[in-house]
Protein chains: 2
Amino acid sequence: MVQSTTYSEPGAANPDTASGSIVPTGSVGIVSPRTIAFHEPLPLASGQVLPSYELAVETYGTLNADCSNAVLVCHALNASHHVAGISASNPKDIGWWDNMVGPGKAVDTERFFVIGVNNIGSCFGSTGPASINPATGRPWGAGFPILTVRDWVDAQVRLADHFGIRKFAAVMGGSLGGMQALGWAVSCPDRVGHCVVVASTPRLTAQNIAFNEVARRAIISDPDFHGGDYYAYDTVPKRGLSVARMLAHITYLSDDDMDERFGRNQRAPAENGEYHYGYDVEFEVESYLRYQGEKFSTYFDANTYLLITRALDYFDPARHYGGDLAQALSVAQAEFLVVSFGTDWRFPPARSREIVSALLKSKRAVTYAEIDAPHGHDAFLLDDARYHAVVQGYYDQIAAKLGLPERQSTTGVLA
Amino acid sequence: MVQSTTYSEPGAANPDTASGSIVPTGSVGIVSPRTIAFHEPLPLASGQVLPSYELAVETYGTLNADCSNAVLVCHALNASHHVAGISASNPKDIGWWDNMVGPGKAVDTERFFVIGVNNIGSCFGSTGPASINPATGRPWGAGFPILTVRDWVDAQVRLADHFGIRKFAAVMGGSLGGMQALGWAVSCPDRVGHCVVVASTPRLTAQNIAFNEVARRAIISDPDFHGGDYYAYDTVPKRGLSVARMLAHITYLSDDDMDERFGRNQRAPAENGEYHYGYDVEFEVESYLRYQGEKFSTYFDANTYLLITRALDYFDPARHYGGDLAQALSVAQAEFLVVSFGTDWRFPPARSREIVSALLKSKRAVTYAEIDAPHGHDAFLLDDARYHAVVQGYYDQIAAKLGLPERQSTTGVLA
């Protein structure tokens, strides 16, 4: 089952040796991804088979001799394997969970070996719709198979085997990443010691699916989409992607947080503070959203957006248990940490409590924290002392149970 | 100031004489709009001037001798002057507030003379972007002036004069219509006896503006928009309009209501209830939204969508009072009824309570009802006995104060 590959030089382990950048205390430093190829066909939930695939990966810290200190970090819709540190190719590109993962941080890379992996179907180095289909010599495009959370787990199992990791100390993620962590716990019960599910849900609601569908319609109806084969036309459905991203962004922030940050502030008022009476940017919030949309449309693959939103729609572990989530989760052997945020209206605390109730009902060990943070769904990515203290405390317990060395750094949130 | 016009035959007053349709008890019957032209230029908030305009109007009931029983109903984003009854031109076209307005209903047309008016800038008969610009002989298109709630009130003042109505018994509306009612109360204090503000807000939040902006970007970035002059290209930005409508529709429904109506129900499951693994309709909620979007894009004018969402953004009566809503409303002489709905997350009860607090602070008479309805923002359009009882009770008080005849019908919600 184990596949091998050549890969690029792993990132520098010691931040102090990094030249040309100021490395913050507690950073894993300058990092580079590696790409690992798997040549055995991957059967998918849809019945299709992916003939082979590559995974883009970053690792931080050192895998110990018995491979017991590994943590797998799963990403959300638009993130990647670049979880922590500073990208060697772009010093402005800080990992998306850099405040969480690093020496002395909540997930302490001086004790744990942390793996960030880009999902197949994504667009940051792993095999996806923009990759070359070996059967045609052209980009997969619309022909790339639809994927599910289960497929991602199956693809990542081979990554664990590649590293010789029989059982992860923890599998962890926020939002879609939390669903993947849950997916790991039920698909591979004996390979997950702890499962950390942040700002997530056991299944999307009708409203969640509806927002995804509007985003997909914006992309698919963009004439530059060309039925998903826009690569062949040397174009990108930027208008649709931009609208999709603007819309999604609203759901990541709380109503109050948006009012706090933007309110009704005008971007550049006319004389006497007047309106401009037109459709150009009038309010700050419009400027912000347009910027987010336009930026996103320059780097994110439209087919990936469709694919990942569909995987979100499809995720529903209770589906084959008559909707009984407790029964679905009862196969899990892991212990659980579930975290939610009070103002998250995308995946509100009530959704996390459904997971917690189901775990309790199936007699799993579960710790639950509901964080009173103002920032909506995005809170799971932000620096919040209480939130990070909860996660750090949980990882300290994991380390103690595994007999890992004592915490060394004094920069951690609980230190 | 009074302008006159020829107009089509008003609707049949007696439902029993209507042929070809089954008229429900309490209906105003078959109705036809009239169009009233105003030739005096209308100065606008933007500084522009509308050289002349027409208003499409429906009326129900009879204006009494002293013109004291008139009620003006203001519409929301995508509605019109067709408030009640059955359209003579289309027997399936029932007025949007037919459950509220009619003989024996909450707003009883046996006692009140009710006027429904289409806003200028809209697309159902009043002058708007699709109308011919007299200066060019071609559709206004992108050249149509941006409007505000204040401009709508100013345009409607001439309508009141046309009918010889010095003071409305009530001005009433839901959502944007509620803002117009508020606008009437502060712009023309001595012409509004009662102001009924349903499911509305004193100003849009950043999140409200953000949703409007995403909808506008979807329309404006549609290649068929042609900078707003799509009429000249014999096309319509249907893709953008459809996305805009799908998005707006999500904000009209509550999360719980969507789950109740659609949940995760599959539209036409594959064998053994499986997913289809594709981007065609998979879930019921997708089918519903696509249908709503496509239907909307066949009849609603894209420039009107932009214009009305912008007027929503701009509405902020406290703006010229340093944000002090109480001061802004203190000029009003009307008495107020404010109604909100518990699950409305577009304009939640907290927004209505701001209006109520400001009115109390400025010592206005205000009745407030917060209805525990499951249907989100759309609840203001739906049949709800408690809601209609509140409105009917309020109109009974108005009638008593004005010395209008006793309620005759026994079909009303309180009868």
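Chain naming here is simple, since letters A, B, ... match the order of the sequence lines and numbering starts at 1 in each.
- Proximity to chain A (any heavy atom under 4.5 Å) is restricted, for B:V285, to the side chain, taken from C-beta onward.
- Contact annotation for B:H276: only backbone heavy atoms (N, CA, C, O) come within less than 4.5 Å of a heavy atom of chain A.
- Of the two parts of B:L289, only the side chain, counted from C-beta on, holds a non-hydrogen atom closer than 4.5 Å to a non-hydrogen atom of chain A.
- If you measure heavy-atom distances from B:I220 to chain A, the contacts under 4.5 Å come from the side chain alone.
- Side-chain contact between B:R264 and A:L204: present, with at least one pair of heavy atoms (C-beta onward) separated by less than 4.5 Å.
- Looking at B:W345 and A:Q207, their side chains come closer than 4.5 Å, going by heavy atoms from C-beta outward.
- Heavy-atom distances place no part of B:S242 under 4.5 Å from chain A, backbone and side chain included.
- Proximity of A:I146 to B:Y275: side-chain heavy atoms (C-beta onward) are nowhere separated by under 4.5 Å.
- Within the 4.5 angstrom heavy-atom criterion, atoms from both the backbone and the side chain of B:A45 approach chain A.
- Counting heavy atoms from C-beta on, the side chains of A:I209 and B:F262 never come closer than 4.5 Å.
- Residue B:R203 touches chain A through both its backbone and its side chain, counting heavy-atom pairs closer than 4.5 Å.
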Inset, instruction - Mind running side-chain hydrogen bond (donor to acceptor under 3.5 Å, both in side chains) on B:Q48 and A:Y277 for me, showing each step along the way? - result: CA-CA 10 Å; B:Q48 289 189 266; A:Y277 297 102; over 6 Å; no
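- With a 4.5 angstrom heavy-atom cutoff, A:F211 touches chain B via backbone and side-chain atoms both.
- Considering only heavy atoms from C-beta on, B:R239 comes within 4.5 Å of A:P223 through its side chain.
- Using a 4.0 Å cut-off between charged side-chain N and carboxylate O, B:E286 and A:R217 make no salt bridge.
- Without hydrogens or angle criteria, A:R310 side chain to B:G278 main chain gives a donor-acceptor distance under 3.5 Å.
- With a threshold of 4.5 angstrom between heavy atoms, B:Y314 approaches chain A through its backbone and through its side chain.
- Within the 4.5 Å cutoff, no side-chain heavy atoms of B:D313 are placed close to those of A:E282.
- For A:A142, no part lies near chain B; criterion is any non-hydrogen pair under 4.5 Å.
- The side-chain heavy atoms of A:Y279 and B:L307, taken from C-beta on, include a pair separated by under 4.5 Å.
- Neither the backbone nor the side chain of B:E260 has a heavy atom closer than 4.5 Å to any heavy atom of chain A.
- With hydrogens and angles disregarded, no donor-acceptor distance shorter than 3.5 Å links the side chain of B:D259 to the backbone of A:T205.
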